[in-house]
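Right, one structure below, let's go through it.
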2 protein chains.
Amino acid sequence: MAQPDTVTRILDTAEVLFAERGFAETSLRTITSKAKVNLAAVNYHFGSKKSLIQAVFARYLDPFAVSFHAALDALEARYRDTSDAVPLEALLETLTRTVLEIPAERDSLKVFMRLLGLAYSQAQGHLRRYLQQEYGDLFTRFTELLRRATPELPETERFWRLHFMLGSVIFILSGLDALRDIAEKDFGERVSVRELVHRLRPVVVEAMNAPIAPPMPAST
Amino acid sequence: MAQPDTVTRILDTAEVLFAERGFAETSLRTITSKAKVNLAAVNYHFGSKKSLIQAVFARYLDPFAVSFHAALDALEARYRDTSDAVPLEALLETLTRTVLEIPAERDSLKVFMRLLGLAYSQAQGHLRRYLQQEYGDLFTRFTELLRRATPELPETERFWRLHFMLGSVIFILSGLDALRDIAEKDFGERVSVRELVHRLRPVVVEAMNAPIAPPMPAST
DNA sequence: GCCCTGTTAAAACAAATGTTTGTGTCTCTC
DNA sequence: GAGAGACACAAACATTTGTTTTAACAGGGC
């Protein structure tokens, strides 16, 4: 069979290795030897290791951003004539459906989610800057819809809860392999990412709609 | 003023740097030069970089484990005669109270939470093994109480929700500074860690008690 | 005095890292 | 078929990494 070309062989190998070990812990030599390409190929095609990392993300996120923008267009259109806002359930359903639809090849979803988690937790300031610059507007659009979906929530409360839930997703998915191993050992159940996302959606909905905490008793 | 001794100077510096950049991204030379100690001091006092990382965690977790065990003793005693299980709210209240009581020095809580997050997300297999070995029993005790507090939840569902919530807390508190800055800029509200934890508790309770998702439509 | 022990200091070590260089080898264009 | 451009390859380069070695220093007990 014809091997895919050098660039995609590097990307394929790099994304898996990055997801397994993190960025700093994965050397170019490990990548290139496993991908059966020359060491210098990375610097030739991508320029630097940083650019390679960004390219790995772009290959996932670019199609996702397009799909998600389109899905949000459709969603807003459906609720345009009714004067209602897009309900929270529908918004989350659209998000998860778009995320789950993207790959269809390999177990790329797991890899992608793990990479997202690493993007937050690893240092890699250049990566955060890159993601903010490339996909910041998409995030803004989503949060605006979220705002309209939960109008009864005070601004700050929604802000904190959003990041609370964001943290959950990133944390769970970035540590997925380890957690799944534990779950399999303890409960003998091997769950797919699809199913996990599906099962956690009501948890997010309920959490966003939780009652506001009573004012805290003053201390000190 | 008398400088603290070499060992604690190393620990103080290392924990901050680790929290800022991660473990692999922080070199011993950065630590020792910032701590104003000799490079070889780390290997002399701790043996290796791995052992230093573990020591940073032990300095936080050892006192916490003692306090939390004691707090759980008291909590169980209070509910011993009543045949009821410890309610979820009380369990979470005990946990957050213990966490908040420990430090009182530096802004160590924030740093500690960030380290905990890194411990999960970074490779560092030795660290996970160490934490499991040293504090596994405390975690087991807590999850057992959690199990009794949510008897209607299937085992695996509780497992995943627990880690879901764990992720939230770690994520929020580890990125606290950045998030708080945004919140202050956007909403003009500066919230304390205490208050944040207080306000997020009902979110956790509600999330744990969320309805089970309906079975997922089969695909491929 | 001397020796022993615990600690610090400077230097060197071996290994691993990202990147660059020079050369060879195709393939397409004129 | 000659020349050019794109790519692959091996080797070397300059740093940076964790760790070890060796010597120096300080203090207390005999």
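To find a chain, count down the sequence lines: A is the first, B the second, and so on, and within it residues start at 1.
- Remark: P of D:dC7 and CZ of A:Phe46 are 12 Å apart, rounded to the nearest angstrom.
- The existence of a salt bridge linking A:Arg180 and A:Glu184 is excluded, since no basic side-chain nitrogen approaches an acidic carboxylate oxygen closer than 4.0 Å.
- Between B:His163 and B:Phe139, the angle of the ring planes lies from 30° to 60°, which puts this pair in the tilted group.
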Determine, step by step, whether B:Arg148 and B:Glu76 satisfy the salt bridge (Lys or Arg N to Asp or Glu O under 4.0 Å) criterion, reporting the C-alpha distance in whole Å, the side-chain angles of both residues, the deciding distance to 0.1 Å, and the verdict.
CA-CA 12 Å; B:Arg148 289 208 278 264; B:Glu76 285 192 304; 3.7 Å; yes
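- Taking the six-membered ring for Trp and thresholds of 30 and 60 degrees, B:Phe142 and B:Phe68 have ring planes inclined between 30 and 60 degrees apart.
- When side chains are defined from C-beta on, B:Arg158 does not count as touching B:Thr143, because their heavy atoms never get closer than 4.5 Å.
- The distance from the OG1 atom of A:Thr94 to the CG atom of A:Asp73 is 11.5 Å, given to the nearest 0.5 Å.
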I'd like a list of close polar pairs between nucleotides 15-19 of chain D and the protein, N/O only, cut-off under 3.5 Å.
{"unit_1": "D:dG18", "atom_1": "OP1", "unit_2": "B:Lys49", "atom_2": "NZ", "d": "2.7"}
{"unit_1": "D:dG18", "atom_1": "OP2", "unit_2": "B:Leu28", "atom_2": "N", "d": "2.9"}
{"unit_1": "D:dG18", "atom_1": "N7", "unit_2": "B:Arg29", "atom_2": "NH1", "d": "2.8"}
{"unit_1": "D:dG18", "atom_1": "O6", "unit_2": "B:Arg29", "atom_2": "NH2", "d": "2.7"}
{"unit_1": "D:dT19", "atom_1": "OP2", "unit_2": "B:Asn43", "atom_2": "OD1", "d": "3.3"}
{"unit_1": "D:dT19", "atom_1": "OP2", "unit_2": "B:Lys49", "atom_2": "N", "d": "3.0"}

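- Within the helix from C:dC3-D:dG28 to C:dC30-D:dG1, the inter-axis angle between the opening and closing five-pair segments is 20°, rounded to 10°.
- Checking A:Ser67 against A:Arg97 by side-chain atom types alone, no donor-acceptor pair falls below 3.5 Å.
- B:Ser27 OG to B:Arg21 CZ: the interatomic distance, rounded to the nearest 0.5 Å, is 7.5 Å.
- Interface limits on DNA chain C: the 5'-most and 3'-most nucleotides within less than 4.0 Å of chain B heavy atoms are C:dG6 to C:dA12.
- Using bins of under 30°, 30° to 60° and over 60° for the plane-to-plane angle, the ring pair B:Tyr135/B:Tyr130 lands in the perpendicular bin.
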Salt bridge (Lys or Arg N to Asp or Glu O under 4.0 Å) evaluation trace for A:Asp12 with A:Lys34
CA-CA 10 Å; A:Asp12 287 345; A:Lys34 200 150 202 165; over 6 Å; no
